[in-house]
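Notes for the one structure printed next.
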Amino acid sequence: MKNLKGAQSSDLERNRIETLAQIGKIENQNETHEFKEALELYVKPLGTWNVPVIKTLDNEEKIDHEKKEEGDVEEVVDRFLTSKDKLNSHDKEILEEAANELLIKQDNTLLIKTVNSFFEAENKLTLEDLSFLNVAANQFLALKDKKALKLLEIAVNEFLESPKESVLKNAIYNFFENTLVLEDKLSLNNKLDLGDQITSEDEQTLKKASKKDKEHFIKIANELLDLKAKEVLEAAVNNLLTSKRKKVLLLLGSGGTGKSTFNRYLTRRLWECAKNDMTQSIPLFIALAPLEGLINKNQDFIEAYLRERGKLSSDQIKELRNRKFVFILDGYDEIAERERHCYDSNMFTEWKNAKIIISCRPEYLGEGSGERFWPKENGKKGFQELTLTPFSWAEIEQYIKNYVDYSKKNGSKLPWDAGRYIQEIKAISQIEELVCNPVLLKITLTILPDLGKRGISQINRIVLYDVFIKKWFERAQERLKKIQLKKEEREAFDRLNNVDKESFTNHCLQFGKDFAFEMFVNNNKVVVNYDPINEKITSDWERFLGNTDLELLLIRFSMPLFRRGNQYSFFHKSLRDYLISCALLDSLKDTSQATRFNMQSITPEPAIQQFLAEQVQQIPEYEQKPLFDFIEDSIRNPNIQIASANAITVLSLASIQLPVNLSNIRVPGANLSNGNFNNLQFVRADLNKVNFQNAKLKSANLEGASLQDVNLTGANLTDANLRHSNLQGASLRIQDLRKLVLHKDFEEIISKLS
């Protein structure tokens, strides 16, 4: 048996190693040079999260409340991953000590403090939990009460007079129903719950004890009551630990704040632990953008992923379901179908021992969208949010030092040392709001020494991206000049440089805009799949990713693109979004119906909206005119309404004053959240599905406007004219409705809303 046990352990361990090795291959596929560099530059991020607290009013604990905390993201994630789901032997000893004090002092203060210590800071007891714990405490006291023993003895005597199984059970229930058992501290249901604690084995024990002398019976009955009292408390705390177990952590942060870098760092750290200890959770990092065909498809996503990417068999996957996992799903904002219930539509319930971390930009999730990530098992209690905060100056300086050290280690010559970089950055006014973003900080460090040479004094986000992308192409151009090219490749390169030294950069920039825009209009792709063998003739991507045109080939090799097999994507989604905004801005020169500005709504892409708004703020007024023209033209031409909605979205976000008279315009689906539209005229305008969340519409004239499915949550509609408007499907909060109570057309508005 000893040898058999040893062989079994060996087989299990070998299977574990083989499976881990195969999953490891998946991880290695994800390790790109760019992310390896990002990990070298890694600075521990800080973040904010909510912790539950109980507010005291009039010396009574009355309200559950949440308080915002700030600190080390890694520590919060570690607490999420290692939180208890049941009591261990040491915990039970601590709980028993608190229970003894409860019995002596008849005060549950220490008990609550002790139970709270079993939970992490983000998961402390709520009023509902305290109520549940108080019931268990009272049940404990009832079982330990001296009256309990006497009443139990009476119950057993009743049984002895009529020795049937049902009689003993009924007698025990009668004992717990007795008004003398802790008097009014327990409801009848809570007392009957205690009756359910007595098992058939307990009944047999009492029966045997009753056949002996009274002293023996009292001893056995006391032991049984003590045991049940202990079990009641332990069961209650274990129930709380299970019901409050965090299963899903949503990691939020705007573009470039380091979500992916943190996820990869965490994966690498957990991976090292898993390789050496089979009790540790296996981390699985999954970039979601290339997997749109698998994610949110009402199937077991993890199984599908392991089959497709890991080439694992059904038996291996079945074995893995018993393992502890951490699924790290990166870039939820980079998939199109974000509106589905993530937990349910990916069947994460099939992985009982898994914890899930999902990263996403918050602007891609609507209000209340956290519910879509709640685990099926315990809903809101099993869900946690954590938001990465911008770099502080201390973090900025640490990143700069890491950048300089990494460059030296890899033989890259930098013009400045760390101190000079820090000095130059601090000398630029209002730079902190840019460099507090890790991606923008990296771009700044890359281009900062050259900015002076280019005569640029004012630095903003658009300047950083513009100079970075151009410098990228200039470096690619210099590289192509130095390396050995075939004759036909050299001729193609010369043609790309046939005008001036900026000709090559302009070709690359135009390619980047065209490719990024094609991704946008082609189902808003972040990753493009292109098989040069099977798709060469039929694919729309041939003109970008084909290998027959040498000029195209040289340009593509000079782009900031990743290639993994047949998949192509930009190094960072923000580069794609910036180039899309540039392509859209260029298209303003064409105000026809065929303009790019009229091809695709920018509403689903807040990042593109923001880039466009910042660019429009920096161009002269005469170059902004096409945006106003699109809005005006939509009155006469319904086929220009995509451009019109895009235009008003950008102008609103850029805080550029709109005309007072916007009557009859067509801007369905526009994003006008937080905008100022006080006193504007929207008479008979098509505003269907417009997002007016938190917008100012004071005294706005919306008479006869079509407002179907409009979002008016939090909007200020004071004195707004809504007569004869179509509000079918409109969204308002209760407090917004209260504001409308005094509206002279209130009854008409409510009838339309209903």
Side-chain angles (χ1 to χ4, degrees), residues 49-69 76 79-80 82-88 90-145 148 176 181-197 228-248 370-371 374-375 377-385:
W49 62 95
N50 289 332
V51 297
V53 293
I54 297 174
K55 269 193 171 181
T56 302
L57 296 176
D58 300 326
N59 296 320
E60 286 187 44
E61 296 176 331
K62 288 188 176 180
I63 302 175
D64 278 329
H65 186 63
E66 288 190 332
K67 182 177 70 170
K68 192 175 288 294
E69 296 281 349
V76 179
R79 291 199 292 268
F80 164 76
T82 59
S83 58
K84 299 176 189 290
D85 56 3
K86 63 181 179 181
L87 296 170
N88 58 37
H90 180 62
D91 296 332
K92 290 178 180 178
E93 291 175 5
I94 296 172
L95 181 62
E96 189 172 359
E97 290 176 9
N100 289 335
E101 178 152 329
L102 168 65
L103 188 60
I104 295 167
K105 296 185 176 179
Q106 300 287 303
D107 181 355
N108 63 3
T109 303
L110 179 63
L111 178 67
I112 293 171
K113 184 178 179 181
T114 299
V115 174
N116 241 334
S117 71
F118 300 142
F119 294 90
E120 302 297 348
E122 299 76 33
N123 206 20
K124 295 298 184 185
L125 298 177
T126 64
L127 282 176
E128 180 187 351
D129 300 329
L130 287 180
S131 177
F132 178 80
L133 185 60
N134 282 334
V135 168
N138 285 337
Q139 289 176 327
F140 169 83
L141 290 172
L143 289 166
K144 300 287 280 187
D145 196 297
F176 286 121
V181 178
L182 216 67
E183 289 140 358
D184 298 327
K185 291 189 178 180
L186 280 175
S187 68
L188 179 59
N189 284 339
N190 294 150
K191 290 179 180 181
L192 293 178
D193 286 342
L194 279 176
D196 293 331
Q197 302 286 333
K228 292 302 163 185
K230 183 179 178 182
E231 286 178 354
V232 161
L233 270 186
E234 289 181 2
V237 176
N238 276 327
N239 186 301
L240 285 171
L241 286 168
T242 301
S243 67
K244 290 168 67 68
R245 181 174 182 252
K246 300 295 186 186
K247 294 271 292 179
V248 178
E371 292 183 23
W374 289 3
E377 296 87 341
N378 57 346
K380 184 179 181 180
K381 291 182 179 180
F383 174 73
Q384 183 175 344
E385 277 188 15

Could you please spell out the steps behind the side-chain contact (heavy atoms from CB on, under 4.5 Å) verdict for L130 and I54?
-> CA-CA 10 Å; L130 287 180; I54 297 174; 3.4 Å; yes
Kindly compute the distance separating [atom1] ([X]) from [atom2] ([Y]), expressed to the nearest 0.5 Å.
X    : Y    : atom1 : atom2 : value
E122 : R79  : CD    : CZ    : 4.0 Å
T242 : E377 : OG1   : CD    : 11.5 Å
L87  : L241 : CG    : CG    : 5.5 Å
F140 : L102 : CZ    : CG    : 6.0 Å
R245 : F119 : CZ    : CZ    : 12.5 Å
K86  : N238 : NZ    : CG    : 8.5 Å

With heavy-atom distances below 4.5 Å as the criterion, would you say the side chains of [X] and [Y] are in contact?
X    : Y    : result
L111 : L233 : yes
P375 : F383 : yes
K105 : L110 : no
N138 : L141 : yes
L125 : L240 : yes

Write down the atom of A136, the atom of A236, and the distance for their closest heavy-atom approach.
-> CB-CB, 3.4 Å
For N88 against K84, the heavy-atom pair lying closest together | ND2-NZ, 3.7 Å
Before accepting this row, confirm whether a basic side-chain N of the pair K67/E69 lies closer than 4.0 Å to the acidic partner's carboxylate O.
-> yes
Is the shortest side-chain N to carboxylate O distance from K381 to E128 below 4.0 Å?
-> yes
Among T126, D129, N378, which residue meets the side chain to side chain donor-acceptor pair (under 3.5 Å) test with K244?
-> D129
Would you find a donor on one side and an acceptor on the other, under 3.5 Å apart, between the side chain of K124 and the backbone of V53?
-> no
